[in-house]
Every structure is written in structure tokens, then in C-alpha cells.
Amino acid sequence: MAEDRRTRRSRRALGAALVELVLERGFTALTVEDITERADVARATFYAHFRDKEDLFARVTADLLTELGERLAPAVADSAVGFTGKPVLEMLRHAREERDLYRIVLRGEGDGKPLRMFVDACARATAEEFRARAERNAVKPRIDPELLARVWVGEQLAVLRWWVEQDAPSLPAEEVVRMLLDLAMRGRYWASGFESPAWAAGPGALGPGGVSAPG
């Protein structure tokens, strides 16, 4: 057990050092020696757990995704239909707690590999939820769930990056979520200040911004 605690401490120290140094210097310029010196961890200990700095960054990102998934699960399950805004709010709160790590992932550091991990994991989970909600509510999606998920995740991550890059967010998380929920439910045309056009008023019309939200 003592060994496990030491291992966890070493991994946390290496992960924290990675994040700090990437923010200071960028990922490309870093060496394993830079990371181990900042973490005060022996190089042998580093290589006992990670192949290289890329492997460390991937593991740190995977841990972030696991923690985010655990945080989101209760919020996603809160409504059979969705459209509560709770999962997005929880993601924003998590991002504020882990702001520096979110910043380096969403900036595409590490040749964009951690960002692709993040996007792909979010898109898979979102597509699964779209399908599950459609089945629970006996409806047929008008847009392929995979495409719909990519659109939704792309929008959310663009907003998320903008939000975490601000030292003092111009909008509180709750206000951001309210606006995103309005956008998801009413569409971009409405959000831009226009009334619904006549062609969108017919039976079954989607409207120009009819992208549903996973939460």
C-alpha cells in the first residue's frame, strides 16, 4: 500500500510538472529530464511508468476524461429526454477546477493527440446518448447521431476553450449554459435576433439551427 501511495504521488507530480511546463514553454520544447526535475522524481521512476513525454500526456488526458465521465454521469442520467443543460454546466465547473490541463489539451499541445483523444471520447459518448434517448422516447433522429454528436461536441469544446482561456470569465457558467440551451432549442436564426422565417413554420420543419443537445 505504501508503494501504491508513492506511485500515485510520483504520477501526480509528473503530471503536474508536465502541465506547468507546457504552459511555460510549450510541449515541443520539453524533455523528460525537464519534467523529472520539476517533479523532483528520478528518471528511472519516470520510465517505470511512461515510455516518453507523449505517453505521460496521453495518460494525463485519459485520467481527465475518466474523471469528467464520472462527473457527467449523474447529470446525463437526470433526464430521459435531455435538454437540461446540467452536463454542460458540470463540464464547465470541472474545467475551472482543472483549468490549466484543459487549456493545454484544448490548445492542441502535443501535436494535437490529446485533443483528438478528448474530442473522440466526447463524441462517442454523445452519440451513444443520442441513440439511447431516441430509443427511450421512440423517435427517429433526423440527422445521423455520429454527425450530430460531432457538431454538438465541436460547438461545446469551442465554447469551453474560449471560457477557460479567460482569467476571469466574462460570463458565469450558469449564463453560458442558459445561452447554449436556448441555442440548441431555438436555433441560430433565433439566437441572431431574427424571428423564425416563414419556411421554418411548416409542419416538421427543422429550422436552420435545429441541433439537439445531449444535456
Side-chain angles (χ1 to χ4, degrees), residues 1-76 87-126 149-150 152-171 173 176:
M1 187 174 294
E3 180 63 29
D4 288 344
R5 283 198 296 268
R6 283 196 294 271
T7 297
R8 287 195 294 270
R9 278 200 301 271
S10 295
R11 289 180 175 175
R12 282 197 299 269
L14 289 166
L18 172 77
V19 174
E20 291 174 8
L21 289 167
V22 171
L23 286 173
E24 291 174 16
R25 309 177 193 176
F27 184 79
T28 303
L30 292 185
T31 65
V32 169
E33 185 175 3
D34 293 330
I35 297 168
T36 55
E37 285 183 358
R38 177 64 64 90
D40 194 21
V41 171
R43 284 169 59 88
T45 301
F46 178 96
Y47 286 114
H49 302 293
F50 308 105
R51 295 188 306 274
D52 47 33
K53 64 178 185 177
E54 288 80 8
D55 187 33
L56 170 61
F57 200 174
R59 295 281 288 277
V60 169
T61 304
D63 289 344
L64 179 71
L65 285 165
T66 297
E67 185 176 309
L68 176 61
E70 292 170 352
R71 292 274 294 263
L72 291 181
V76 171
V88 179
L89 180 59
E90 194 60 43
M91 181 172 66
L92 288 171
R93 289 171 173 168
H94 186 242
R96 290 305 294 181
E97 294 172 13
E98 300 290 344
R99 180 178 174 233
D100 288 344
L101 178 51
Y102 270 87
R103 287 166 71 196
I104 66 172
V105 170
L106 295 177
R107 286 176 184 177
E109 292 281 3
D111 293 329
K113 292 179 182 177
L115 176 58
R116 289 193 293 275
M117 285 177 60
F118 198 95
V119 171
D120 290 346
C122 290
R124 282 194 302 270
T126 301
R150 290 283 171 174
W152 174 250
V153 168
E155 289 183 346
Q156 302 317 302
L157 294 190
V159 171
L160 181 60
R161 180 180 176 183
W162 163 76
W163 200 71
V164 298
E165 290 289 359
Q166 302 177 68
D167 292 330
S170 56
L171 294 171
V176 172

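All residue numbers in this chain count up from 1 along the given sequence. Note that the coordinates shown come from a computational prediction; the quantities given were computed from them, not determined experimentally.
- Expressed to the nearest 0.5 Å, how far CG of D40 lies from OG1 of T45 amounts to 10.5 Å.
- Side-chain contact between I104 and F27: absent, with no pair of heavy atoms (C-beta onward) separated by less than 4.5 Å.
- Looking at L92 and E97, their side chains never come closer than 4.5 Å, going by heavy atoms from C-beta outward.
- Using a cut-off of 4.0 Å between Lys/Arg side-chain N and Asp/Glu carboxylate O, D4 and R9 are scored as not salt-bridged.
- To the nearest 0.5 Å, atom CZ of residue F57 and atom CG of residue D55 are 12.5 Å apart.
- Closest of all the heavy-atom pairs between G15 and V60 is CA-CG2, 3.9 Å.
- Considering all non-hydrogen atoms of both residues, A13 and V41 come closest at CB-CG2, 4.3 Å.
- The minimum heavy-atom distance between L30 and K53, with the atom names listed, is O-NZ, 2.8 Å.
- In terms of heavy atoms, S170 sits closest to Q166 at N-OE1, 3.0 Å.
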Checking R59 against H49 for the side-chain contact (heavy atoms from CB on, under 4.5 Å) test, could you report, in this order, the C-alpha distance in whole Å, the side-chain angles of both residues, the deciding distance, and whether it holds? CA-CA 10 Å; R59 295 281 288 277; H49 302 293; 5.6 Å; no
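- We find the CG-CG distance between L101 and L106 to be 9.0 Å, quoted to the nearest 0.5 Å.
- Every pair passing salt bridge (Lys or Arg N to Asp or Glu O under 4.0 Å) that includes a residue from residues 106-119 is listed here, sequence neighbours excluded: R107-E165.
- With values rounded to the nearest 0.5 angstrom, D52 atom CG is found 12.5 Å from T31 atom OG1.
- Here the closest heavy-atom approach between residue V153 and residue V119 is recorded as CG1-O, 4.2 Å.
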Test log, rule side-chain contact (heavy atoms from CB on, under 4.5 Å), inputs E37 and V32: CA-CA 9 Å; E37 285 183 358; V32 169; over 6 Å; no
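- Here the shortest heavy-atom pairing between A149 and A123 reads CB-O, 3.6 Å.
- Note that R96 lies in the cation-pi zone of W163, set by a 6.0 Å cut-off to the ring centre and a 45° limit from the axis.
- Interatomic distance, E67 CD to L72 CG, rounded to the nearest 0.5 Å: 10.5 Å.
- With sequence neighbours excluded, the residues satisfying ring-ring contact (aromatic ring centres under 6.0 Å, His included) with Y102 are H94, F118.
- In this structure, L157 CG and L115 CG are separated by 7.5 Å, a value rounded to the nearest 0.5 Å.
- Pairs passing the salt bridge (Lys or Arg N to Asp or Glu O under 4.0 Å) check and including a residue from residues 13-31, sequence neighbours excluded, read E20-R38, E24-R38, R25-D34.
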